[in-house]
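What you are looking at is a predicted structure, and each value in this text was computed from that prediction instead of being measured. Order of the sequence lines sets the chain letters (A, B, ...), proteins ahead of strands, with each chain counted from 1.
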Amino acid sequence: MSCPSTGIDGSKIFKQKVMSWDKMMSDSRNEYYEAIVHPALLLHDNPRRIVIMNDISGGILCEVLKYSMVKEVIFMIPNAEIVSLVGEYSGKWNACYSFLANVTSRYDDSRVQIHYYDDLTDWFHKSVDNHIDVFFADATMYVSTGPIPAVLIPWCALFH
Amino acid sequence: MVCFVPLKFLASFRHPNLVDDRHFSSVYHILGACGILTLHAANLETKIGLPVLTWNAFEQSNQMMWSIFDQHLFSIGFTNVVEYMESRKQFLMAMKCSPTRSKWLRNEAEWNVKIHQRLAHSNLSSLISFIDGASLMQYQFPAHTVEESWCQKYPFFGSNISSCGAGHGFDPDITDIPPSAFFVQHSTLVNGGRGVFTTQPIAKNSTIALGACV
């Protein structure tokens with residue numbers, strides 16, 4: 001969903017939020033994605049194998065794909081439905097148009113391997129000796145609780 | 001044997017009572033020799049998404065953060081842990097080897113060089129909008145709210161000159177010029193336009209608004 005707010009220049013700004021049942025899972029504020037990704041990828045000597053967990057909107061994935069030295073991204077997400085919904089509704093937010101010229105979705109990049117939570121136990125068992133360089137996890141969104149639908153209307157109204 | 005339950009794994013980061021060493025150690029063991037674990041560990045907003053920072057929400061977040069610090073990450077083998085804050089969100093970065101920690105202390109120019117080296121294949125300005133050398137260097141200092149909460153929780157360190165009493169980690173020999181020392185006005189020069197002026201002389205090597213930025 002999108003809630004419009006007013007920017008500094010008076011223009012309408014639409015912030016997108018991904019909801020699942022009563023849980024807010026992610027939103028489209030880029031400063032957060034840049035802050036979680038770039039410090040780690042600039043610190044590591046040679047970040048080639050990356051794991052991303054619980055990045056519902058794919059914003060972390062988009063930032064990681066900006067590094068050409070990254071060769072493999074293991075992208076862990078609850079289920080396939082979320083991937084298709086984000087791809088369908090998030091538009092430019094999903095496509096990383098600024099640098100992924102040849103794909104229509106960030107999930108289509110050849111470096112990305114999508115794993116669903118049902119398979120993760122097996123994956124972790126097999127991956128103990130596969131050296132991962134950087135592991136990203138958004139530990140706040142999916143497990144947050146609260147009656148989100150009940151407060152969405154006043155939240156939007158505040159920014160009209 | 002690595003035991004891993006995905007949803008419980010995520011919950012273990014969110015709720016201190018649910019923290020389970022096995023979940024952290026499963027991540028630790030799949031990382032390489034100098035691997036890095038980065039968590040978006042706390043959200044200093046109300047759960048409905050309003051941009052309001054309340055002390056209770058902040059305290060809850062910080063307790064969770066320090067629970068992770070104190071009980072788990074070091075005990076399973078991470079050698080260094082840093083935390084930083086951006087847009088009311090707290091991030092936690094755990095490193096497996098010490099050389100990575102030394103790189104965390106790069107200066108602004110070194111960070112900018114690294115950004116250009118790694119992202120030079122495209123137009124930098126279109127790739128990164130909010131992060132640069134200055135903002136990355138800013139993460140080396142704890143946010144004022146984090147420091148205040150931590151020093152209240154651990155009063156012993158509050159009286160210790162090497163930590164909470166040491167002025168937020170800034171170099172005492174370097175003068176920090178506050179934002180209030182700057183103002184904008186029309187220049188007295190002909191056709192000079194508007195410019196930024198200072199109310200006081202600024203010595204060489206001074207920092208500008210560093211204390212207000214973190």
Side-chain angles (χ1 to χ4, degrees), chain A residues 3 17 24 27 29-32 34-45 47 49 51 53-54 60 63 66-69 76 78 98-99 117-118 120-121 123-125 127-148 150-152 154-155 158, chain B residues 1-7 9-15 26-27 29-43 46-50 82 84-87 89 91-93 95 99-101 103-104 106 111 114-115 117-119 121-123 126-131 135-136 139:
Chain A
C3 294
K17 291 188 179 294
M24 184 178 77
D27 65 31
R29 286 173 292 183
N30 289 334
E31 63 268 35
Y32 144 64
E34 292 188 7
I36 191 172
V37 169
H38 296 299
L41 290 188
L42 294 171
L43 271 182
H44 198 281
D45 280 338
R49 302 192 72 215
V51 172
M53 187 168 193
N54 210 39
I60 295 176
E63 295 299 321
K66 291 176 180 175
Y67 290 78
S68 56
M69 63 196 309
M76 302 172 173
S98 61
F99 62 99
Y117 285 177
D118 291 343
L120 281 192
T121 304
W123 184 87
F124 266 78
H125 279 295
S127 302
V128 171
D129 295 323
N130 293 342
H131 299 302
I132 300 298
D133 296 315
V134 183
F135 190 109
F136 295 105
D138 187 335
T140 60
M141 294 293 188
Y142 188 74
V143 292
S144 64
T145 59
I148 294 295
V151 298
L152 274 180
W155 189 89
L158 278 175
Chain B
M1 179 68 72
V2 177
C3 178
F4 186 78
V5 183
L7 286 179
F9 168 81
L10 291 167
S12 72
F13 289 132
R14 191 75 179 101
H15 303 291
S26 64
V27 174
H29 289 298
I30 67 166
L31 288 172
C34 278
I36 298 173
L37 166 66
T38 300
L39 300 174
H40 171 207
N43 211 349
T46 63
K47 57 192 175 185
I48 59 174
L50 289 170
V82 297
Y84 57 96
M85 183 182 283
E86 180 68 57
S87 303
K89 296 176 187 299
F91 302 96
L92 185 150
M93 188 186 297
M95 311 161 188
T100 311
R101 167 65 174 170
K103 293 169 193 161
W104 178 250
R106 289 170 179 147
W111 278 116
K114 188 58 70 175
I115 290 173
Q117 286 175 340
R118 299 256 167 119
L119 296 168
H121 63 286
S122 183
N123 181 358
S126 66
L127 284 182
I128 300 182
S129 303
F130 302 96
I131 296 290
S135 58
L136 287 165
Y139 295 154

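Note that NZ of B:K103 is 8.0 Å distant from NE2 of A:H44, once rounded to the nearest 0.5 Å. Separating the CG atom in B:L31 from the CG atom in A:D133 is a distance of 8.5 Å, to the nearest 0.5 Å. Note that the CG atom of B:L37 and the CE atom of A:M53 stand 11.0 Å from one another [nearest 0.5 Å]. Between atom CD1 of residue B:I115 and atom NE2 of residue A:H38 there is a gap of 8.0 Å, rounded to the nearest 0.5 Å. A:E34 CD to B:L136 CG: the interatomic distance, rounded to the nearest 0.5 Å, is 10.0 Å.
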One pair to check against side chain to side chain contact (heavy atoms under 4.5 Å, CB included): A:Y67 and B:L119. What are the steps and the verdict? CA-CA 6 Å; A:Y67 290 78; B:L119 296 168; 4.1 Å; yes
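Take B:T100 and apply the side-chain contact (heavy atoms from CB on, under 4.5 Å) test, not counting sequence neighbours, and it matches A:L43, B:C34, B:I36, B:M95, B:C97.
Residue A:I60: no heavy atom, backbone or side chain, is found under 4.5 Å from chain B.
Considering all non-hydrogen atoms of both residues, B:M93 and A:P39 come closest at CE-CB, 3.7 Å. Heavy-atom minimum distance, B:R106 versus A:L42: NH1-O, 3.0 Å.
Put simply, the side chain of B:E86 never gets that close to the backbone of A:A35: no donor and acceptor are under 3.5 Å apart.
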